[in-house]
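Report on the structure given below.
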Amino acid sequence: MATYGDHPELPAEIEAMLEKDVSTLFLKAGCVPRVKRGKIGEIELVDVEAAPAWENMAMERLGSDLESLIEANQERPDCFREIDRIGCLVLQLGDLRVTIATPPFSDAREITIVRPVVKLSLDHYQLDQRLIDRLSDHHRGVFISGRPGSGKTTLAQAVAEYLDDQMGAMVKTMEAPRDLQLADRITQYAPLEGDLEKTAEIIFLVRPDFVIFDEVRRARDFEIFSDVRLAGVGLLGVTHANSALEAIQRLIGKVELGLVPQVLDTILHVEHGKIVKVLELRMVVKPPTGMQEDLSRPVIEVVEFPSGKITHEMFAFGSEISVVPVDSVGGAKSPVLRFARHGLCNAIRDMLHMRCEVDLVSTTQANVYVPDRMIGAAVGPQGSMVKDMEEETGISLQIKPMSEMPRHLKSTNDDETASDFDIQDMRSRKSRAWEEHRGGKRKKGKRGR
């Protein structure tokens, strides 16, 4: 591909709008030109100052002029037609990608010119040496994830050139379209006869050490990624995702759960041009966190790199694939704690005969939230009510007012609990007279239980 910043000379009015900090130029018939400008993570869309709206005929002439540059630069290997379909033409002109859309595909003539914002080396990212060693191992399957414009492709370019130049590896790419700006000796393959699966077949014949798979989007792309990786080729894929965990979840369902760690074992999530999180996947056989020993099964641990902290577990639970956070953050509990909470909540409601919510903190401790005015009734004289409930449940209980109840309990349990109680009965029991009556009749209530 082309050298960064090198392309055939464009018409003067276009070159004038492609200023140094401009990454994308948008032209549309009847509209004022707009550009995206700025650094990665700080890009903004603005109108081109003092530029008039482009007329339809001017757009048609510009499209013809850009097409003619392909014929005029046949000696350059970086000038060619990438895609040629009815209503859409994609040209590669040096480091520029030009997309020309015309009716009936688009509602008006449109030309979009995209170029790389910046080209960086792997040294720029100041990575932990352990991560560099991990990326250099051709027995790895790696995802670079992030939102559009976050810097995924820039990082993929840096990794590809490091593998080629520093590691002496044979690197090939699979791209549709070809976006990466790489050294000439790194061959970039497009979809063969419009099919990336056919490209993968050729990839095996040329025996690369590493393959860079740019833009893994569709379900079939994930299946091709899996096939190439299981063939023993080191593979780095670029995919859109809001988080590193979502990138993993995009693979679930396209690949058997047991094969996921073999296909993908490292995820680098990029935001604003920086690597903000690195996760690795490990397969172990054990009971998922919070489950009994006799429920052991294959579990995929999602681990932060390089700290080794386990953040999530993935496992088959019945016919579903569960992705469960290991830590109880924001009320998220292990499956056993979630199921046990419902049973404990029902048991305590039967004992108290009042509305309450239970937050099962652990297997031996729980918080019970009752209406603020019912604290005395729930505790009982000298704590007798709490002691009796602790004896029957075998769990340490702490009575708290509903005004202090965590938000996650309110949002998940309001609908559930509303139908379990008669509203008029609940209102009557909030009165002081009923509270005193409950306290005086505690012993008889216990016999009923």
Looking at [Y], is its backbone amide N or carbonyl O close enough to the side chain of [X] to form a donor-acceptor pair, meaning the two atoms are under 3.5 Å apart?
X	Y	value
D47	E49	no
K277	L268	no
T199	L192	yes
D372	M402	yes
K274	V270	no
R34	T24	no
Q398	V368	no
D265	L281	no
R250	A219	no
T173	E175	no

Residue pair [X] / [Y], side-chain heavy-atom distance below 4.5 Å:
X	Y	value
L182	E161	yes
H139	R229	yes
L397	I348	yes
V98	V114	no
F210	V159	no
V171	I212	yes
L135	L163	no
R297	V285	no

### Chi angles and distances behind the side-chain hydrogen bond (donor to acceptor under 3.5 Å, both in side chains) call for E60, N56
CA-CA 6 Å; E60 185 175 358; N56 188 59; 5.1 Å; no
### Query
Going by distance alone, is a donor N or O of one side chain under 3.5 Å from an acceptor N or O of the other, for R217 and T239?
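Looking only at side-chain atoms, T239 and R217 do not form any donor-acceptor pair under 3.5 Å.
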### Query
Between E15 and H7, is any side-chain donor less than 3.5 angstrom from a side-chain acceptor?
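Side chains of E15 and H7: pair found under 3.5 Å.
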Verify the neighbour count for atom [atom1] of [X]: are there more than 12 heavy atoms of other residues, nucleotides or ligands below 6.0 Å?
X	atom1	value
Q126	CD	no
E223	CD	yes
E55	CD	no
F204	CZ	yes
K36	NZ	no
L205	CG	yes
M283	CE	yes
R140	CZ	yes

### Query
R37: what forms a salt bridge (charged side-chain N to carboxylate O under 4.0 Å, His left out) with it, not counting sequence neighbours?
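Salt bridge (charged side-chain N to carboxylate O under 4.0 Å, His left out) list for R37, sorted by chain: E19, D21.
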### Task
Please identify each residue that fulfils side-chain contact (heavy atoms from CB on, under 4.5 Å) with L230, with sequence neighbours left out.
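L230: side-chain contact (heavy atoms from CB on, under 4.5 Å) contacts with S226, L259, Q262, V263.
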### Task
Might you work through the side-chain hydrogen bond (donor to acceptor under 3.5 Å, both in side chains) test for S145 and E246, ending with a clear yes or no?
CA-CA 9 Å; S145 66; E246 286 186 21; over 6 Å; no
Name the atoms and distances for all side-chain donor-acceptor pairs under 3.5 Å in residues 299-308, with sequence neighbours left out.
residue : atom : partner : partner atom : Å
E301    : OE1  : R282    : NH2          : 3.4
E301    : OE2  : K286    : NZ           : 3.0
S307    : OG   : K309    : N            : 3.4

### Query
In terms of ring plane angle, is the pair F225 and F143 parallel, tilted or perpendicular, where the classes change at 30° and 60°?
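Plane angle between 30° and 60°, so tilted.
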### Query
Which value, rounded to the nearest 0.5 Å, describes the distance between L10 atom CG and M17 atom CE?
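The distance works out to 10.0 Å.
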### Query
Can you check salt bridge (Lys or Arg N to Asp or Glu O under 4.0 Å) on R134 and D137, steps first, answer last?
CA-CA 5 Å; R134 191 177 185 86; D137 184 353; over 6 Å; no
### side-chain hydrogen bond (donor to acceptor under 3.5 Å, both in side chains) between Q157 and Q181, worked out
CA-CA 7 Å; Q157 290 173 172; Q181 306 293 313; 5.2 Å; no
### Task
Test salt bridge (Lys or Arg N to Asp or Glu O under 4.0 Å) on K28 and D107 and set out the steps.
CA-CA 10 Å; K28 187 175 182 180; D107 62 343; 3.1 Å; yes
### Task
Show your reasoning for whether salt bridge (Lys or Arg N to Asp or Glu O under 4.0 Å) applies to D84 and R81.
CA-CA 7 Å; D84 191 352; R81 294 171 182 263; 3.3 Å; yes
